[in-house]
Amino acid sequence: MRESRPATAPRRGTALWHCLRLGWIYLTHFELPALRALLSRRTRDVHAHEQLFCRLSHRLLTAGVEKAGFVLERHNAPPSIEPGRPVVLLVRHSGPFNPQLLALLACHELGRSLISVGRLLPALDPALALLLRPLRVALFRWNRHGPARAMRFLIHHAQRLGPDDVLAYFPEGAHMTAAGRRTALKALHTSDPERAAWARQLRYVLPPVTAGTARVLAQAVDADVVIVGHTGLEDPLGCLTDLGYPSTGDRRVHLNWWHTPAAAVPREPAAAAAWLDQRWAAMDAWIAHARTLPPPQSRPDPPVTAADRGGGPVPGADCADHPLRTPTTAPERPQR
């Protein structure tokens, strides 16, 4: 007797349909409006380009994503950053619309100016390439030298962060897929077998490239660090590639913030690397928890914490007191 498929697993055709809808939404809510605006304005004013990028990114990831049938669930509010304090923003690398996600988080949610890197794909996305040209968002060909050039750009700007800047990027260095996970584990097994054993426990995130991020944190000594985890929008891509985990099929996009003030961020390379691994393990556990949550209407209210009452995390607490923010099942990184 053939085993029936789980009710929550979407059929391949349904996932493909959602992929096509997301592509159409991207075209109508970002690509074409950006091209129209750029051709009509004919300006290279940096502020105008950044405002346009932020506005269209917000439109794409709110009204557009909802029109495609997805629901955004924010598990907590954006952190309250001290005025005049620069930010290093580290985000999980998964799903579509990654440049727009960084713009939404940095410009719209945190109210700051974006500095970032990305992959150069002008033939596939001409509007984005034109929109980013005057901004401090460098696009690189992701060949043998691309990641090193991107890291040099990040370190250069980490040394020069202004009070209203956000240096944002994806420390995993690649999309979270089954193939990406195998590649990362294979490289780690050669260079650091002990850390590879730890990374094999991660199911929903790739192990971050800690050496590069430790160098960034060592330069951006005055910056708070904000980490953002998200999951759900990548599920339709399972019809195109093996994500490494099954889709929930419920079309809910979960998003969560973790905030660490500058004074609590370790700057010494080994300590910073261990700290980042711990944060990524906590994110992996949070994603596992978020993907099993029932819909909000059938979910009991979470306990109110000091962080919730204040509209953001308690300084130094790093959201550790909230069950949805730092689950206790995160695998521990081996101590060196």
Side-chain angles (χ1 to χ4, degrees), residues 88-95 98 102 116-121 138-156 158 167-220 225 227-231 234 237-238 240-246 258 265-288 327 329-336:
V88 172
L89 176 65
L90 307 175
V91 183
R92 181 197 185 217
H93 201 177
S94 179
N98 287 301
L102 293 184
S116 188
V117 296
R119 299 193 181 201
L120 181 62
L121 299 169
L139 300 179
F140 298 92
R141 298 190 186 279
W142 221 247
N143 51 25
R144 187 160 55 97
H145 304 292
R149 289 170 177 163
M151 184 51 61
R152 284 197 295 271
F153 176 90
L154 292 172
I155 292 172
H156 170 83
L167 184 69
Y169 68 104
F170 305 100
E172 292 153 300
H175 273 85
M176 171 57 201
T177 63
R181 184 173 185 272
R182 286 193 297 269
T183 300
L185 290 177
K186 183 178 179 180
L188 268 184
H189 183 74
T190 302
S191 62
D192 191 342
E194 188 179 20
R195 187 166 180 249
W198 164 81
R200 275 193 289 272
Q201 301 175 68
L202 304 175
R203 186 180 182 190
Y204 298 98
V205 298
L206 297 179
V209 182
T210 51
T213 300
R215 293 173 65 190
V216 169
L217 296 181
Q219 299 299 325
V225 175
I227 295 174
V228 174
H230 62 94
T231 186
E234 75 273 20
L237 301 185
L240 305 175
T241 186
D242 182 4
L243 296 176
Y245 49 87
W258 291 266
V265 177
R267 308 292 174 175
E268 190 273 326
W275 175 83
L276 184 63
D277 277 347
Q278 291 165 5
R279 301 278 73 75
W280 239 246
M283 184 193 297
D284 186 74
W286 171 79
I287 293 172
T329 54
E332 290 188 7
R333 184 184 190 274
Q335 297 297 319
R336 297 195 176 280

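A donor-acceptor distance shorter than 3.5 angstrom exists from the side chain of Arg92 to the backbone of Tyr204, with no hydrogens or angles considered. Remark: the backbone N or O of Ala270 is paired with a side-chain donor or acceptor of Glu268 at under 3.5 angstrom. Within the 3.5 Å criterion, the main-chain N or O of Gly95 finds a donor-acceptor partner in the side chain of His175. Side-chain atoms of Gln219 do not come within 3.5 Å of backbone N or O of Ala158 as any donor-acceptor pair.
A side-chain hydrogen bond (donor to acceptor under 3.5 Å, both in side chains) with Tyr245 holds for exactly one of Arg181, Arg203, Glu234; it is Glu234.
In this structure, CG in Leu90 is found 8.0 Å from CE in Met283, a value given to the nearest 0.5 Å. Going from atom CG of Leu240 over to atom OG1 of Thr177 covers 12.0 Å, rounded to the nearest 0.5 Å. In this structure, CZ on Arg149 lies 7.0 Å from CZ on Arg152, to the nearest 0.5 angstrom. For the atom pair Thr210 OG1 and Trp280 CH2, the distance stands at 11.5 Å (nearest 0.5 Å). Taken from CG in Leu154 to CZ in Arg215, the straight-line distance is 10.5 Å, to the nearest 0.5 Å. Atom NE2 in His230 sits 8.0 Å away from atom NE2 in His93 (nearest 0.5 Å).
Considering all non-hydrogen atoms of both residues, Trp275 and Val225 come closest at CH2-CG1, 3.7 Å. Between Ala214 and Pro269, the closest heavy-atom pair is CB-O, 3.9 Å. When all heavy atoms of Pro147 and Arg144 are compared, the pair lying nearest together is CD-O, 4.2 Å. Residues Pro208 and Leu276 approach most closely at CB-CD2, 3.7 Å, considering heavy atoms. Summarising the geometry of Ala281 relative to Trp198, their closest heavy-atom pair is CB-CZ2, 4.1 Å, with the distance given to 0.1 Å. The nearest pair of heavy atoms linking Tyr169 to Thr213 is OH-OG1, 2.8 Å.
Under the 4.5 Å side-chain criterion, counting only non-hydrogen atoms from C-beta, Leu188 is in contact with Pro207. Using a 4.5 Å heavy-atom cutoff, the side chains of Met151 and Val216 are in contact.
Between Phe153 and Phe140, the ring planes lie perpendicular to each other; the angle is over 60°, past the 30° to 60° tilted range.
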